[in-house]
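These notes concern the structure reproduced below.
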Amino acid sequence: MSKPASAGFRLFNTLTRQKELFNPIEAGKVGMYTCGPTIYDYAHIGNFRAFVFEDLLKRWLQHQGYSVNHVMNLTDVDDKTIKGSQKQAKPLREYTDFYAKAFFEDIKALNIEPATVYPRATDHIPEMVKLIKTLLAKGVAYRGEDGSIYFAISKFPEYGKLSHLRVGELKAGARVSQDEYAKEEAQDFALWKTWTPEDGDVFWETELGKGRPGWHIECSAMSMRYLGETFDIHCGGVDNMFPHHENEIAQSQAATGKPFVHYWMHNEHLLVEGKKMAKRSGNFYTLRDLLAKELDPLAIRYLLLSTHYRQQFNFTFEGLDAAKGAIERLANLQRRLKDANGSGSPEKLAEITARAQTCFREAMDDDLNVSVALAALFDFVREINNLLDANALSKTEAAQASAAVADFDKVLGVVPQSKEETLPAEAEELIQKREEARKAKDWKTADAIRQQLKTMGITVEDTAQGVRWKREKA
RNA sequence: GCUGGGGUGGCCGAAUGGUUCAGGCGACAGCCUGCAGAGCUGUUAUAUAUGGGUUCAAUUCCCAUCCCCAGCUCCA
């Protein structure tokens with residue numbers, strides 16, 4: 001294992017509210033847990049902002065040589081999944097499988113690299129039961145009057161440390177009241193929910209009784225199972241900070257007596273056309289909604305990526321257009337580089353490449369400052385285009401420049417890949433015919449053929465190196 | 001109510017106590033091209049919510065005001 005060049009990676013740790021130098025527990029390796037989707041519906045673009053941010057983080061770590069063990073849970077049992085499955089009269093598993101599959105299709109479209117493992121809550125009931133038993137044995141959990149098991153936050157003095165909320169100052173919410181009678185303290189949260197008729201056939205017979213796990217316990221149980229009792233990074237949306245992550249810390253540390261997570265990272269929400277995005281308020285878009293509008297998934301990725309993750313940002317269709325233009329600029333450069341065959345300027349190329357790489361790395365090392373990293377990339381693009389205009393890149397150098405762009409894109413994942421696709425024979429023929437017409441300076445015929453190709457979804461461009469074509473997205 | 005984030009050019013979005021405040025998108029013009037496309041150059045751009053204060057110097061620090069957004073029990 002080569003020494004990761006991560007000596008400078010600093011990330012903002014919610015726990016300390018400061019940028020800190022990242023130091024892994026084990027050299028060269030990172031254990032990372034990210035709160036995944038609740039698979040009761042299609043995920044929306046707000047969900048994907050979190051997943052794209054986490055993907056960027058992981059790619060950056062990997063780019064520095066780390067081997068990343070990435071765990072993303074799938075929540076497949078809670079009130080909403082139970083209700084949803086009952087509504088469709090399907091077994092819980094069949095119901096959640098459907099949305100799990102959709103989720104995997106979505107992240108693939110967004111060029112999100114798969115996690116190492118996607119544990120599902122319902123596959124880890126024994127781990128949760130074991131953890132709850134430990135908490136009961138330690139006296140930090142208790143059985144309420146309704147038979148459910150609760151965590152006693154009064155037994156965990158550090159409660160509130162992550163979110164900086166003081167328990168006594170929480171807003172008196174109406175939602176607390178309904179099962180308040182069963183708990184000793186209003187803020188105690190359920191570890192194990194005893195079965196009620198509304199749960200139908202969703203229950204597990206365990207040593208804790210007939211019931212199902214609470215939401216928070218799954219993340220503690222599964223992260224410990226796959227990453228150990230203490231691991232490096234835990235990510236999630238800001239909304240999860242309290243109470244979910246706070247509860248995870250309480251459960252985990254109360255059980256093990258060890259620190260749970262070294263670095264907590266939270267991404268801000270996005271707004272859609274200036275308004276908060278939420279599943280219930282109906283102003284949300286799933287990825288599928290956007291793809292149905294023929295929008296480019298990589299442009300969506302670019303847009304979600306291009307604003308710093310701790311910054312709230314406004315998702316607009318105008319922004320999507322801009323993103324589309326930006327990634328096309330990158331793709332165009334890559335296509336141009338393929339045809340280059342100029343005189344060569346090795347020193348110049350080495351200089352601008354090194355500068356771009358340094359700027360890019362320093363920006364990303366600074367808590368993933370992707371805006372500055374992108375600026376470095378686009379400066380590079382302009383300089384390479386300048387060299388191409390001067391016909392000053394040899395074939396080899398063009399390949400090097402192209403490899404440099406590809407290397408940046410290993411982190412960003414936004415450059416459309418020019419597929420080595422072939423044209424139908426019919427189109428090849430037309431292009432040939434047009435070339436003949438152009439040679440004969442028969443512009444009328446040439447333009448007519450170009451128009452004809454366009455209706456076939458093929459755009460031709462005449463360059464100094466000959467004719468070039470690209471497929472337009474239908 | 002309590003806590004926190006933010007208001008930068010037509011739009012999106014960086015950065016900074018001090019040479020002209022990144023980058024992308026858009027629009028317009030020029031170059032190139034048979035035309036177009038791509039690309040380059042220039043313009044739009046003497047843009048930092050408002051009013052005070054500190055300072056030799058503030059967009060950056062402080063105070064006040066206005067506006068936007070979020071969290072406060074299961075929503076990324």
Checklist entry - Could you state the CG-C1' distance from A:L270 to B:C68, rounded to the nearest angstrom? => result 16 Å

Next on the checklist: Testing A:E248, A:Q251, A:Q253 one by one against A:S220 for a side chain to side chain donor-acceptor pair (under 3.5 Å), which residue passes?
Outcome noted: A:Q251

Next on the checklist: Rounded to whole Å, how long is the line connecting atom CE of A:M364 with atom P of B:A22?
Outcome noted: 22 Å

Checklist entry - Just by modelled atom types, is the A:T14 backbone N or O under 3.5 Å from a matching donor or acceptor in the A:R17 side chain? => result yes

Checklist entry - Across the strands shown, which category fits A:A50 at heavy-atom distances under 4.0 angstrom: base, sugar-phosphate, nothing? => result sugar-phosphate

Item to check | Ring centres under 6.0 angstrom apart (A:Y42, A:Y99) | outcome: yes

Item to check | ring-ring contact (aromatic ring centres under 6.0 Å, His included) partners for A:F103, two or more places apart | outcome: A:F51

Checklist outcome for this item: From CD of A:E328 across to C1' of B:C25 the rounded distance in Å is 12 Å

Next on the checklist: Rounded to whole Å, how long is the line connecting atom CG of A:L337 with atom P of B:G39?
Outcome noted: 12 Å

Item to check | All stems with RNA chain B, defined as three or more consecutive Watson-Crick or G-U pairs under 3.5 Å | outcome: B:1-7 with B:66-72, B:10-12 with B:23-25, B:26-31 with B:39-44, B:49-53 with B:61-65

Checklist entry - Rounding to a whole Å, what distance do you find between A:F12:CZ and B:G4:P? => result 13 Å

Checklist entry - Are A:H164 and B:G4 stacked, counting the six-membered base ring, centres under 5.5 Å, planes under 30°? => result no

Checklist entry - If the sugar-phosphate is the primed atoms plus P, OP1 and OP2 and the base is the rest, what is the B/S/- string for nucleotides 6-21 of chain B, using protein heavy atoms under 4.0 Å? => result S----S-SSS------

Checklist entry - Quantified in whole Å, what is the C1' atom distance between nucleotide B:A58 and nucleotide B:A15? => result 14 Å

Checklist entry - What distance, rounded to whole Å, do you find between the two P atoms, one in B:A45 and one in B:C72? => result 42 Å

Item to check | salt bridge (Lys or Arg N to Asp or Glu O under 4.0 Å) partners for A:D199, two or more places apart | outcome: A:R212

Checklist entry - Contact class for A:F378 vs. all strands (heavy atom < 4.0 Å): base, sugar-phosphate, or nothing? => result sugar-phosphate

Next on the checklist: Just the rounded figure in Å: distance from C1' of B:C75 to CG of A:D79.
Outcome noted: 13 Å

Checklist entry - Looking only at atom P, what distance separates B:G1 and B:U55, rounded to whole Å? => result 35 Å

Item to check | Distance between C1' atoms of B:C40 and B:U46 (Å, rounded) | outcome: 26 Å

Item to check | Between B:U54 and B:C61 - C1' atom distance, rounded Å | outcome: 8 Å

Item to check | Sugar-phosphate, base or nothing in reach of A:N240, heavy atoms under 4.0 Å | outcome: sugar-phosphate

Donor-acceptor contacts under 3.5 Å from residues 367-378 of chain A side chains, at least two apart:
residue : atom : partner : partner atom : Å
A:D367  : OD1  : A:F12   : N            : 2.9
A:D367  : OD1  : A:Y309  : OH           : 2.5
A:D367  : OD2  : A:H308  : NE2          : 3.4
A:D367  : OD2  : A:Y309  : OH           : 3.2
A:D367  : OD2  : A:R310  : NE           : 3.0
A:D367  : OD2  : A:R310  : NH2          : 2.6
A:N369  : OD1  : A:V372  : N            : 3.3
A:S371  : OG   : A:S306  : O            : 3.3

Checklist entry - Considering the options A:T96, A:T122, A:T81, which one meets the side chain to side chain donor-acceptor pair (under 3.5 Å) requirement together with A:D76? => result A:T122

Checklist entry - Which heavy atom of A:C35 sits nearest a heavy atom of A:H234, and at what distance? => result SG-CE1, 3.6 Å

Checklist entry - B:C35 and B:A29: how far apart are their P atoms, nearest whole angstrom? => result 16 Å

Checklist entry - To the nearest angstrom, how far is A:L298 atom CG from B:G24 atom P? => result 19 Å

Item to check | B:G23 and B:G13, which share atom name C1', separated by this distance in whole Å | outcome: 8 Å

Next on the checklist: Applying a 4.0 Å non-hydrogen cut-off, can you work out what A:D78 is touching in the nucleic acid: base, sugar-phosphate, or nothing?
Outcome noted: nothing

Next on the checklist: According to salt bridge (Lys or Arg N to Asp or Glu O under 4.0 Å), who are the partners of A:E318, at least two apart in sequence or on a separate chain?
Outcome noted: none

Checklist entry - A:V414 and A:L330: which non-hydrogen atoms are nearest, and at how many Å? => result CG2-CD1, 4.1 Å

Item to check | Between B:G51 and B:G9 - C1' atom distance, rounded Å | outcome: 23 Å

I'd like a list of close polar pairs between nucleotides 30-36 of chain B and the protein, N/O only, cut-off under 3.5 Å.
residue : atom : partner : partner atom : Å
B:G34   : N1   : A:D447  : OD1          : 3.0
B:G34   : N2   : A:D447  : OD1          : 3.4
B:G34   : N2   : A:D447  : OD2          : 2.7
B:C35   : O2   : A:R450  : NH2          : 2.4
B:C35   : N3   : A:R450  : NH1          : 2.9
B:C35   : N3   : A:R450  : NH2          : 3.4
B:C35   : N4   : A:D462  : OD2          : 2.9
B:A36   : N6   : A:D462  : O            : 3.0
B:A36   : N1   : A:D462  : N            : 3.1
B:A36   : N3   : A:R450  : NH1          : 3.2

Item to check | RNA chain B-proximal residues of residues 384-394 of chain A, any heavy atom under 4.0 Å | outcome: A:N385, A:N386, A:D389

Next on the checklist: Considering every strand and a 4.0 Å limit on heavy-atom distances, what is the contact class for A:R49: base, sugar-phosphate, or nothing?
Outcome noted: nothing

Checklist entry - Quick one: ring-ring contact (aromatic ring centres under 6.0 Å, His included) partners of A:F156, sequence neighbours excluded? => result none

Checklist outcome for this item: The answer to which of A:R310 and A:L333 contacts RNA chain B further toward the 5' end, by nearest nucleotide, is A:R310

Checklist entry - Under 4.0 angstrom, heavy atoms only, what part of the nucleic acid is A:H244 near: base, sugar-phosphate, or nothing? => result nothing

Checklist outcome for this item: Assign each of A:R468 and A:A375 the nucleotide of RNA chain B bearing its closest heavy atom; nearer the 5' end lies the nucleotide of A:A375

Checklist entry - Is there a side-chain contact between A:N341 and A:N391, using heavy atoms and a 4.5 Å cut-off? => result no

Checklist outcome for this item: Rounded to the nearest 0.5 angstrom, the OG1-CD distance for A:T196 and A:E198 is 4.0 Å

Next on the checklist: According to ring-ring contact (aromatic ring centres under 6.0 Å, His included), who are the partners of A:W215, at least two apart in sequence or on a separate chain?
Outcome noted: A:H244

Item to check | Distance, rounded to the nearest Å, where A:E246 contributes CD and B:G71 contributes C1' | outcome: 13 Å

Checklist entry - What pairs of residues pass the ring pair (Phe, Tyr, Trp, His ring centres under 6.0 Å) test when at least one of them lies in residues 310-337 of chain A, not counting sequence neighbours? => result A:Y285-A:F317

Checklist entry - Taking the side chain of A:P243 as heavy atoms from C-beta outward, which of B:U73, B:G39, B:G23 is closest to it? => result B:U73

Item to check | Non-neighbouring partners of A:D442 that pass salt bridge (Lys or Arg N to Asp or Glu O under 4.0 Å), sequence neighbours left out | outcome: none

